[in-house]
Structure formats: C-alpha cells, structure tokens
Amino acid sequence: MHHLQTTFFSSLLKARATLSVAALVLLLTPARTLHAAQPPPDFATSQDLSALSDSSALPPPTDKLVGAAVEAFRQGDLSRARDLARRAVADGRQQAPLYKLLASTEYLLGEPQQFETHIRAALALAPDDADLHYHLARHLYEQQRYREAAKVFGRASTLDDEHYKARYYEGLLAEARGEPERAKDLFVDAIATIDRRRVRYVWPLVDLGRLLVDQGEIERGLSWLYRAVRTDPELPYAHYEYAKALLRQPEPTAEVERALRDAIRLDPGYASAYYVLARYYATTGDRQQANEMFAKLVADEIGLGRDKRRRSRIASRRLSAMSNASMKVWQIGRFGLDALEVTERPVPAPGPRELLVRVGAVSLNYRDRLVVEGAMIPDLPLPFVPASDAAGEVIALGEDVSRFRVGDRVTSHFLPAWIDGTGSGTEGDYVSLGGPLPGVLAEYVALDEQAVVATPPYLSDHEASTLPIAAVTAWAALVEYGGLRPGQTVLVEGTGGVSIFALQLAVAAGARVIVTSSSDERLARAKALGASDGVNYVRHPEWSRQVLDLTDGRGVDHIVEVVGGDNVKQAVKALARNGHLALIGIMQGLSLNLDIVPFMRRRAMLRGVLVGSRRSFESVNRALEARQIHPVIDKDYPFAEVPAAFEHLKRGAFGKVVVRLGA
C-alpha cells in the first residue's frame with residue numbers, strides 16, 4: 001500500500017435516496033480502509049534498471065563471465081543473468097556494479113532476501129552510492145521495516161541532497177510518525193528538485209496536495225493536485241485524490257465524477273475510486289448509479305485484493321456467506337484403491353496468510369497411488385484426502401496475505417516449506433502436500449500463500465495441475481543439478497509425467513533425447529514430441545547396449561532414472577564419462593545394489609532428486625512460458641470418476657492423468 005496513513009473526509013455525506021442494504025453498509029464503512037494505490041515501482045522500472053546495463057556502470061567487458069551476465073540481463077534473460085552473476089561472485093569478483101546487477105535480477109525475480117544480501121554487499125564496496133542506499137531503503141519500506149527504512153532514506157538524502165525520491169519517502173514516513181509539517185517540507189523539497197531537473201515524478205505533488213486538503217487547506221491542496229493531474233494524466237491516484245478534494249468543496253460539481261471515471265478508466269481495479277464515486281452518486285440522488293457502484297464492490301468484481309485491510313474485509317464477508325457451505329472431497333478411511341470414497345466436508349476457512357482456492361483440476365502422481373495403498377506413509381492418520389498437485393482460483397483470503405489477491409490463478413507447491421536454496425535447512429523442508437500434509441483432491445483447499453505459485457497465464461488449470469511434481473522434478477534433474485547444455489544427449493526412462501516433461505525440456509534446450517519404453521506405440525509418440533531414438537526394454541532387456549550403439553559407444557550425458565532398483569545398473573552402463581544420473585523413481589524398489597567399479601570408471605555423478613524448491617517451480621514456469629510448451633495429458637477424468645483415474649495411473653500413462661473439477 002502506498003501510504004502508511006491515509007486520511008479521508010471525516011463526515012459522512014448525506015444520501016438523498018434510499019439505498020440498498022449493501023450500499024448502506026458500505027456507506028458507513030470508513031473510507032480510509034479502501035485506499036488501494038500502490039507505491040511507484042522505482043527499482044523495477046526499465047528507467048532505473050537501464051543504469052545497471054550502462055557500459056560505464058558495469059565491470060570491464062574483458063571479463064567474459066561478467067560480460068555474459070550483462071548480456072543476458074540486457075536481453076531480458078533474468079534467470080541466466082542471475083546465475084552467471086552468482087558464479088562471478090563465487091569466483092571472487094568483488095565489484096559493486098556486479099553485486100548491483102545481481103541484486104537487480106533477484107529483485108525482479110521476486111527474491112527479496114537475496115536482493116537485500118547483495119545490495120548490502122554492493123554498499124560495503126560503495127558506501128557513498130546514494131542510489132544503493134535508496135534502493136535498500138525502498139526494500140525495507142516494502143518489507144514494512146519502517147524505522148530502518150527512515151534511516152537509510154536519510155542517508156541517501158545526505159549523500160545526494162537532490163535525491164527527490166528519497167526525500168519523498170522521508171516525507172511519507174514523517175507523516176506516518178505524526179509529523180505532518182516536516183512531511184510537507186520534505187514534499188516541497190522533493191518538488192523543488194523535480195522542477196530544477198525537469199523530471200516527471202508527480203507523487204510528491206499528489207501527497208502534498210492530499211496532506212493540505214486533509215488539514216483543511218482545500219484550495220492550496222487542490223492547486224497541487226490539479227498540477228499533478230495535468231503533469232501526469234495517466235496516474236489514477238492523482239485523479240482519485242483530486243476528486244476527493246473536490247468533494248470537500250461546499251458545492252461538489254460533475255468534475256468529481258469525471259476525475260473518478262478517469263481513475264477507473266486508467267485502473268479498472270481501483271476499489272477506492274468506485275467507493276467514492278458511489279458516495280458521490282448518493283449525494284446527487286442518483287440511486288441507480290450508486291447501487292451499481294456498491295454492487296460492484298460487494299461482488300468483488302474489481303480486484304479489491306490489493307488493499308490488505310479491504311481485502312480482509314471482503315474475505316470475511318465471502319467466508320461468512322460460505323460458513324454453512326459444504327464441499328465434496330475424495331478420501332480414504334483405510335488403505336487401498338478400493339477404499340477411495342467421495343464425501344462432504346465444510347468448506348475450509350483460510351487462516352492467517354492462507355488462501356482459499358477453488359480447485360479447477362488435480363493431477364495424479366505415482367506417489368499418490370503409493371500413499372493411497374499405504375506403501376509410502378504406513379502411519380498416515382486416517383481418514384485422509386490424497387493428491388498434492390492442484391491448480392485453481394483464489395476466492396478468499398485470510399489475514400495478512402500479501403503475495404496474492406482474490407481472482408488470481410495459482411498452482412500448489414509440493415514442498416511448502418522449501419522456498420529456495422538447497423533445502424538443507426530443516427526437516428520441514430521435505431514435508432509435502434498429499435502426505436503427510438492433507439491433500440488437494442477436493443473442491444476447495446486452504447493453502448499457505450507461500451505454498452503456491454502463480455499459474456502461467458497461457459496454461460489452463462488442467463495443464464497447470466501437472467506441473468508441481470513432474471515439471472519441477474524434470475527441471476531440477478536436468479537444468480539445475482545437471483547443467484544441461486545444447487548438443488548433449490539425454491536418456492529418459494518410460495513415458496510417465498516426469499519423463500515426458502524431461503523430454504520436452506531437453507528438446508527445447510537443443511539436446512538429443514533417447515527414450516526407453518515397453519511399448520513401440522509410445523516410443524512413436526515420444527518421437528513425435530522430438531525424441532531422436534527409442535529403445536523397447538522388453539525386447540531388449542539389456543537396453544544399455546542399444547543406448548551405447550546409438551551413441552557410438554560413448555553413452556549419454558544425462559539419465560532421468562525413474563525406475564530405481566536393479567534398473568540403475570543398466571543406467572550406469574549407459575552413462576558417458578562424467579555423466580549425470582538423476583535418481584528420481586522407486587517403481588522397481590526402494591534400495592540399490594550398485595556395481596561401484598563401472599560407476600567409478602565413468603567418473604559419474606549420482607544425484608538424488610526430490611522435486612524442487614518454489615524458486616525452481618517459478619523458474620520452470622518461466623521456461624515453459626517462454627517456449628509455449630504445453631504439458632502432455634493422457635486423459636482427464638471428471639471429479640466423480642477419481643477411482644477410474646487412479647486405475648489409469650496404475651496401468652501407466654503417457655504423460656499425465658488429470659481430474660477436472662472446473663469446466
């Protein structure tokens with residue numbers, strides 16, 4: 001939210017018409033809770049980031065690694081830029097611009113903790129850089145660490161007395177501390193610098209005008225707000241505050257409506273503008289228009305989720321309406337596929353920092369079958385709702401949610417506590433949805449806001465539900481752990497969910513892919529997706545020999561091992577020197593009996609892969625969207641036919657099996 005304190009006219013406008021009950025409720029709601037403006041995203045704008053890619057601000061181009069990071073950044077490949085910059089730092093390059101580049105990529109990739117670490121590292125090397133202090137302060141401000149932010153904004157202003165953005169934020173914080181006169185002085189200082197430098201940055205104008213109006217200086221405030229609207233007619237916040245000030249006049253005119261309509265035109269999700277417009281219509285006696293605006297608010301049609309306090313109120317209203325509602329879920333009261341039963345439970349109420357998600361689709365994984373049959377977690381408390389991978393829409397919010405809003409499409413994250421890093425922090429990093437945590441095979445689920453990712457907009461819920469385990473595992477195995485490069489050779493075993501995603505990702509990366517399967521028909525389908533060769537392991541039990549023949553005796557660089565057990569011996573024989581074997585599956589057993597000498601001769605790496613972090617999930621989503629890769633779904637089943645979906649899973653699927661709940 002843009003302001004720490006937002007005041008509004010104190011007296012209620014008298015309605016000249018009888019309004020609906022919903023309208024009266026909203027009319028009596030303090031308007032300060034509806035302010036929904038966002039802070040200017042300074043660090044994330046292309047203008048600010050252009051300074052980072054300027055040749056004079058970056059390390060010498062003779063450094064190839066840093067040069068590659070800079071080039072990736074300029075081309076918009078943020079993940080690659082971040083990874084290359086991290087390598088450069090790890091190799092000992094201690095350069096403030098490099099840390100700044102690294103921090104900028106992490107900010108844009110949504111990694112605030114890493115951003116702060118590296119912006120502070122840059123400051124340690126360049127302590128007199130006012131911009132670095134400003135960006136750190138903005139980060140602290142967004143994290144609601146206001147006391148720290150005030151000190152760092154002050155440091156930026158001290159180093160550069162014309163840093164108008166730092167002055168502006170100092171003013172906001174001064175107002176929040178109950179120092180309106182100092183806030184006005186700081187806004188005026190910022191405006192003076194803006195005028196001298198002839199830049200267009202109108203936020204101080206708007207907030208100076210707003211503050212003057214709130215203190216009763218209506219005409220002075222209106223003059224600043226009118227200037228803001230004329231300077232930047234595309235800023236909805238300026239139109240909104242201008243309209244509010246006009247309403248403070250003895251005789252509000254139709255200019256109020258025009259200003260609010262402009263705010264809504266520029267930002268259709270501007271909840272406060274709808275609210276004030278409804279109140280304006282109430283004063284003019286236009287009952288139909290007033291009720292229309294209030295109805296939009298009650299129905300939550302305009303994206304009220306951006307304002308935290310308003311969002312909580314909307315969520316409470318919606319949950320109150322659903323308090324007696326029930327939903328259908330699939331559960332097991334004992335172990336066994338024949339124990340699956342549909343029943344009804346109350347719709348869950350999201351707790352603090354939780355989302356209530358209307359499930360659109362659920363995809364099934366091999367582990368879901370093991371959980372249902374009691375082979376995975378034999379001491380699982382029963383009854384239990386299985387499955388971990390779901391996609392749907394956020395329909396209500398618990399308190400203190402900040403990552404998502406009502407209406408957002410989200411997909412569940414398999415390991416909710418593993419956000420980033422190696423996952424080596426606590427044992428809780430590996431506690432997963434669908435066992436031991438409750439599963440998602442229900443019409444509604446309540447999920448922690450940290451345990452979901454945004455659904456790629458080009459994918460349907462049916463497609464997105466296939467991603468949490470299969471896509472993330474394939475990505476981690478090949479890209480994050482394996483370092484897959486164009487021209488390498490990849491062997492994928494079988495044609496299940498992980499294997500097909502691995503095939504699609506490897507082909508997209510420019511690798512050669514060999515597939516093993518018991519079915520010639522499935523091998524043909526795999527070749528249609530881009531595989532170069534296929535080996536039928538039923539016809540060729542010693543399938544590693546065929547793989548070696550296909551690679552002229554060299555072997556493959558990567559193996560996506562989803563079978564486990566004795567099959568790993570064949571996989572090792574098929575590896576090239578320095579090959580990477582990603583151990584993922586346990587279909588043939590939970591233990592290994594490995595011949596050590598062949599493994600050592602190949603100087604091979606054996607890596608156990610247990611899906612991946614939320615950051616990995618977000619990375620693979622970006623890669624899939626960039627290449628417009630669509631998941632392969634063998635068949636989707638209606639919610640009423642969950643047992644049939646599990647039977648299909650047991651028979652084996654080409655790609656994924658999905659249960660659909662939405663249209």
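Since the structure is predicted, the reported quantities are computational estimates derived from the model, not experimental observations. All residue numbers in this chain count up from 1 along the given sequence.
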field: side chain to side chain contact (heavy atoms under 4.5 Å, CB included) evaluation trace for Phe335 with Glu373
entry: CA-CA 5 Å; Phe335 291 122; Glu373 292 177 337; 5.9 Å; no
- prompt: Passes side-chain hydrogen bond (donor to acceptor under 3.5 Å, both in side chains), Arg622 versus Ser619? Steps please.
  reply: CA-CA 5 Å; Arg622 286 191 293 270; Ser619 295; 3.3 Å; yes
- prompt: Between Asp389 and Thr466, does a side chain to side chain contact (heavy atoms under 4.5 Å, CB included) hold up when you go through it step by step?
  reply: CA-CA 7 Å; Asp389 295 6; Thr466 69; over 6 Å; no
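Legend: residues meeting side chain to side chain donor-acceptor pair (under 3.5 Å) with Arg607, ordered by chain and number and at least two apart, are absent. Arg545 is linked by a side chain to side chain donor-acceptor pair (under 3.5 Å) to nothing, counting only residues two or more places apart in sequence or in another chain. Under the side chain to side chain donor-acceptor pair (under 3.5 Å) criterion, Glu625 pairs with no residue at all, not counting sequence neighbours. Annotation: side chain to side chain donor-acceptor pair (under 3.5 Å) contacts of Ser388 (sequence neighbours excluded): none.
His413 and Gly612 make their closest contact through CE1-O, 3.3 Å (heavy atoms, listed as atom of the first residue, atom of the second, distance). Considering all non-hydrogen atoms of both residues, Val611 and Thr473 come closest at CA-OG1, 3.3 Å. For the pair Ser412 and Leu447, the tightest heavy-atom approach, listed with the atom from each and the gap, is CB-CD1, 4.2 Å. The shortest non-hydrogen separation linking Val642 to Phe639 is CG2-O, 3.3 Å. Between His630 and Gln504 the shortest heavy-atom distance is O-NE2, 3.0 Å. Considering all non-hydrogen atoms of both residues, Leu649 and Asn365 come closest at CD2-O, 3.2 Å.
Annotation: Arg345, atom CZ; neighbour count of heavy atoms from other residues, nucleotides and ligands within 6.0 Å is above 12.
Taking the charged nitrogens against the carboxylate oxygens, Arg353 and Asp448 have no contact shorter than 4.0 Å, which rules out a salt bridge. Under 4.0 Å is where a charged nitrogen must lie from a carboxylate oxygen, and between Glu618 and Arg403 at least one such pair does. In summary, Arg512 and Asp533 engage in a salt bridge, as defined by a charged side-chain N under 4.0 Å from a carboxylate O. Glu443 has no carboxylate O lying under 4.0 Å from a charged side-chain N of Lys328, or vice versa, which leaves the two without a salt bridge. Here Arg651 does not pair with Glu647 in a salt bridge; the nearest charged N to carboxylate O distance is not below 4.0 Å.
The distance from atom CD1 of Ile419 to atom CZ of Arg614, rounded to the nearest 0.5 Å, is 4.0 Å. Summarising the geometry, atom CG belonging to Leu459 is positioned 8.0 Å from atom CD belonging to Gln628; distances are rounded to the nearest 0.5 Å. Between the CG atom in Leu441 and the CG atom in Leu364 there is a gap of 7.0 Å [rounded to 0.5 Å]. In this structure, Leu523 CG and Thr495 OG1 are separated by 8.0 Å, a value rounded to the nearest 0.5 Å. Between the CG atom in Leu550 and the OG atom in Ser532 there is a gap of 7.5 Å [rounded to 0.5 Å].
A side chain to side chain donor-acceptor pair (under 3.5 Å) with Thr455 is found for exactly one of Asp461, Asp408, Thr411, namely Thr411. Each of Glu493, Glu561, Glu542 was checked for a side chain to side chain contact (heavy atoms under 4.5 Å, CB included) with Gln570, and the lone residue meeting it is Glu542.
Annotation: salt bridge (charged side-chain N to carboxylate O under 4.0 Å, His left out) contacts involving residues 478-490, sequence neighbours excluded, comprise Glu480-Arg615. Listed by first then second residue, pairs satisfying salt bridge (charged side-chain N to carboxylate O under 4.0 Å, His left out) with a partner in residues 631-640 read Arg525-Asp634, Asp636-Arg660, not counting sequence neighbours.
Counting only N and O atoms by type, the side chains of Ser613 and Ser616 include a donor and acceptor under 3.5 Å apart.
Ser363 contributes a side-chain N or O that, together with a main-chain N or O of Ser465, makes up a donor-acceptor pair within less than 3.5 Å.
Note: His580 and Tyr481 fail the aromatic proximity criterion, with ring centroids not under 6.0 Å apart.
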